[in-house]
Amino acid sequence: MDSIQQDITLTLRYSVHFTTGALLPSNGLLRSVIAGPAPARPSDVVFVVDAGVAAAHPALLGAIGHYGRHHGDALRLAAPVLVIPGGETVKDGTHYVDAVHQLIHDAALCRHSYVVAVGGGAVLDVVGYAAATAHRGIRLVRMPTTVLAQDDSGVGVKNGVNAFGKKNYFGTFAAPFAVINDLGFLTTLLHRDWLGGVSEAIKAALIRDAGFFSFIERHAAALVARDAATMAEVVRRSAALHLAHIAGGGDPFELGSSRPLDFGHWAAHKLEQLSDHRIRHGEAVAIGIALDGTYAHLSGSLPERDWRRILDLELALHLPVYEPELDEHLEESEHARSVLRGLSEFREHLGGELTIMLLSRIGRPFEVHQIDTEVMIRSIGVLKHVQASRSTRSAESMLATPLARGL
Ligand SMILES: NC(=O)c1ccc[n+]([C@@H]2O[C@H](COP(=O)([O-])OP(=O)(O)OC[C@H]3O[C@@H](n4cnc5c(N)ncnc54)[C@H](O)[C@@H]3O)[C@@H](O)[C@H]2O)c1
Ligand SMILES: [Zn+2]
């Protein structure tokens, strides 16, 4: 027998920039990202834009053309801008992945060319998957346009589309060439998307940074009032936490079974599917956080004060903590329409042993490998009550049981 041991060490490096007016000719950031300080010749670039963003920013498509002409020594628009629908339906199978591949082919892009994706997390996931699989990887510049995409999904190394009724069933791990977070895009978001994206910041804070959680608590009213400077701070700190986790967490491509920054996501992914995506990802994450937080409390690990702070913050931000899909087929945990089935689907997606992150305090996570479905069902009952009364106080009687006291 003979073997050759193969070791490959790879350093991936990309920058996440924060700016406003990224597509104004006077803003040289995109130009320098693509071409550096002294371009020898223009690089080929194609743009894919989220239709919701194009509708909310009617001057955008013209601005892209103008940017290309103004910086013609550094970049060449190799095809007309491709506009694809925004929202989860764009991730439904590979239809729009094919459309982006077609664009890349028609523009005769090579692996030194650039695809610039402008849009919400769903469009970025589609374009990222297409860019990663054409020529085995074309340079991708992401310009996220939602809070969620700027504070989480757009800054990381994952992409994907849904298939067989499962979230992100097709996808790759692929680092972007660069990310440009233009805060100006956020002004046109629907209020539910403006606030929905904050749930990923709360998630990161709960897992990694109790001080950041307090910051969001102190500024909840400003966030509801759409204060741009406060949101800029939330987005930046959340993005930094996600980036630090990817770079320093020891498992950037999620080869193990542990995914700390997927706290609350087993239920979130299932709720998105059960509601046919009526519940948006950010909203589903808010419910997932509330659910696992309540479970952690009822099973005796998270003190009531911390439990209350988590739910009170979500209520203050007008985030949901319950939707009726949580109640379907609860007694049959493997029923396709039971939220509890989300546990086994989550395990399948990650591989290996079921690993769920819980909290012992705000900022202090720990892992469990088993979930007591009785306690989970009771947690859903508590959340139903909290949502109906929009208060954690009134749920007190439901907590004061032997189980809740860990007896
Ligand atoms: N790849 C990852 O690591 C990762 C991480 C978290 C979430 N995600 C994915 O991200 C997706 C959710 O992304 P999202 O929350 O950004 O929502 P989204 O992409 O579904 O967009 C929501 C809606 O907002 C519109 N929109 C986008 N930007 C706008 C703007 N500036 N003004 C007005 N309208 C705008 C879109 O057209 C769409 O209709 C989910 O598919 C989720 O699975 C991916
Ligand atoms: Zn998420």
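Computed from a predicted model, the values in this text were never measured in an experiment. Computed over heavy atoms, backbone and side chain alike; hydrogens, waters and symmetry mates excluded. Note that ligands are numbered from 1 as they come in the structure, with each ligand's atoms numbered from 1 the same way.
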Seminar exercise, completed: In terms of its nearest heavy atom to atom 44 (C) of ligand 1, the top option of Asp125, Thr145, Asn159 is Asp125

Problem set entry | Where ligand 1 meets Val53 - atom numbers and elements under 4.0 angstrom, heavy-atom basis | 27 (C), 28 (N), 29 (C)

Exercise. Side chain or backbone of Asp50 under 4.0 Å from ligand 1, or both, or neither, by non-hydrogen atoms?
Worked result: side chain

Exercise. Does Ser15 use its side chain to pair, donor to acceptor, with the backbone of Ala178 at less than 3.5 Å?
Worked result: no

Problem set entry | Shortest heavy-atom approach to atom 41 (O) of ligand 1 - which of His57, Glu272, Glu88 | Glu88

Exercise. In this structure, which one of Val155, Val118, Leu124, Asn181 forms a side chain to side chain contact (heavy atoms under 4.5 Å, CB included) with Arg142?
Worked result: Leu124

Problem set entry | Close-contact set for ligand 1 against Ala56 heavy atoms, below 4.0 Å | 32 (N), 33 (C)

Problem set entry | Polar atom proximity, Arg280 to ligand 1 (N or O, under 3.5 Å) | no

Exercise. Side chain, backbone, both or neither: which part of Lys158 comes within less than 4.0 Å of ligand 1 when only heavy atoms are counted?
Worked result: both

For this session: Please say which of Arg337, Arg341, Lys270 ends up in a salt bridge (charged side-chain N to carboxylate O under 4.0 Å, His left out) with Glu328.
Result: Arg337

Problem set entry | Parallel, tilted or perpendicular, as decided by the 30° and 60° cut-offs, for the rings of Phe170 and Tyr129 | parallel

Problem set entry | Under-4.0 Å heavy-atom contact between protein and atom 25 (C) of ligand 1 | no

Problem set entry | Any N or O of Val123 closer than 3.5 Å to N or O of ligand 1 | no

Exercise. Counting heavy atoms only, which part of Asp193 comes closer than 4.0 Å to ligand 1: side chain, backbone, both or neither?
Worked result: side chain

Exercise. For His269, which of His349, His281, His277 qualifies under ring-ring contact (aromatic ring centres under 6.0 Å, His included)?
Worked result: His281

Problem set entry | Proximal ligand 1 atoms for Ala122, defined as those under 4.0 Å from one of its heavy atoms | 10 (O), 11 (C), 13 (O), 19 (O), 20 (O)

For this session: Pick, from Asp151, Leu124, Leu189, Val155, the option with the minimum heavy-atom distance to atom 29 (C) of ligand 1.
Result: Leu189

Exercise. If we only count N/O pairs under 3.5 Å, is Phe185 in contact with ligand 1?
Worked result: yes

Seminar exercise, completed: Sorted by chain and residue number, the ring-ring contact (aromatic ring centres under 6.0 Å, His included) partners of His57 (sequence neighbours excluded) come out as Phe185

Problem set entry | Per atom 16 (O) of ligand 1, closest listed option by heavy atom (Leu60, Val161, Thr146) | Thr146

Side-chain donor-acceptor distances from residues 206-213 under 3.5 Å, at least two apart:
{"from": "Arg208", "atom 1": "NH2", "to": "His245", "atom 2": "ND1", "distance (Å)": "2.8"}
{"from": "Asp209", "atom 1": "OD1", "to": "Gly211", "atom 2": "N", "distance (Å)": "3.1"}
{"from": "Asp209", "atom 1": "OD1", "to": "Phe212", "atom 2": "N", "distance (Å)": "3.0"}

Exercise. What does the angle at the Zn ion (ligand 2) come to, between atom NE2 of His265 and atom OE2 of Glu200, rounded to 10°?
Worked result: 120°

Exercise. Which option out of Ile246, Leu148, Val157, Asn162 puts a heavy atom nearest to atom 15 (O) of ligand 1?
Worked result: Leu148

Problem set entry | Asp152 N/O/S atom closer than 2.8 Å to the Zn ion (ligand 2) | no

Problem set entry | Modelled atom types, side-chain donor and acceptor of Glu314 and Ser199, under 3.5 Å | no

For this session: Mark yes or no for whether Thr294, through its side chain, and Ala290, through its backbone, hold a donor-acceptor pair below 3.5 Å.
Result: yes

Problem set entry | Check: Gln102/Asp106 side-chain N/O donor and acceptor closer than 3.5 Å | yes

For this session: Would you check the N or O atoms of Thr188, main chain and side chain alike, for any that come under 3.5 Å of an N or O of ligand 1?
Result: yes

For this session: Any atoms of ligand 1 less than 4.0 Å from a non-hydrogen atom of Lys167? List them with their elements.
Result: 40 (C), 41 (O), 42 (C), 43 (O)

Exercise. Of the choices Ser153, Ala284, Ala51, which has the non-hydrogen atom that lies closest to atom 4 (C) of ligand 1?
Worked result: Ser153

Exercise. Do the ring planes of His318 and His191 sit parallel (below 30°), tilted (30 to 60°) or perpendicular (above 60°)?
Worked result: perpendicular

Exercise. Do any heavy atoms of His269 fall under 4.0 Å from ligand 1?
Worked result: no

Exercise. Hey, is the main chain of Gly21 close enough, under 3.5 Å, to the side chain of Asn27 for a donor-acceptor pair?
Worked result: yes

Problem set entry | Polar atom proximity, Asp152 to ligand 1 (N or O, under 3.5 Å) | no

Exercise. Looking only at distance, does Gly121 have an N or O less than 3.5 Å from an N or O of ligand 1?
Worked result: yes

For this session: Could you tell me whether Arg309 atom CZ has more than 12 heavy atoms of other residues or ligands within 6.0 Å of it?
Result: yes

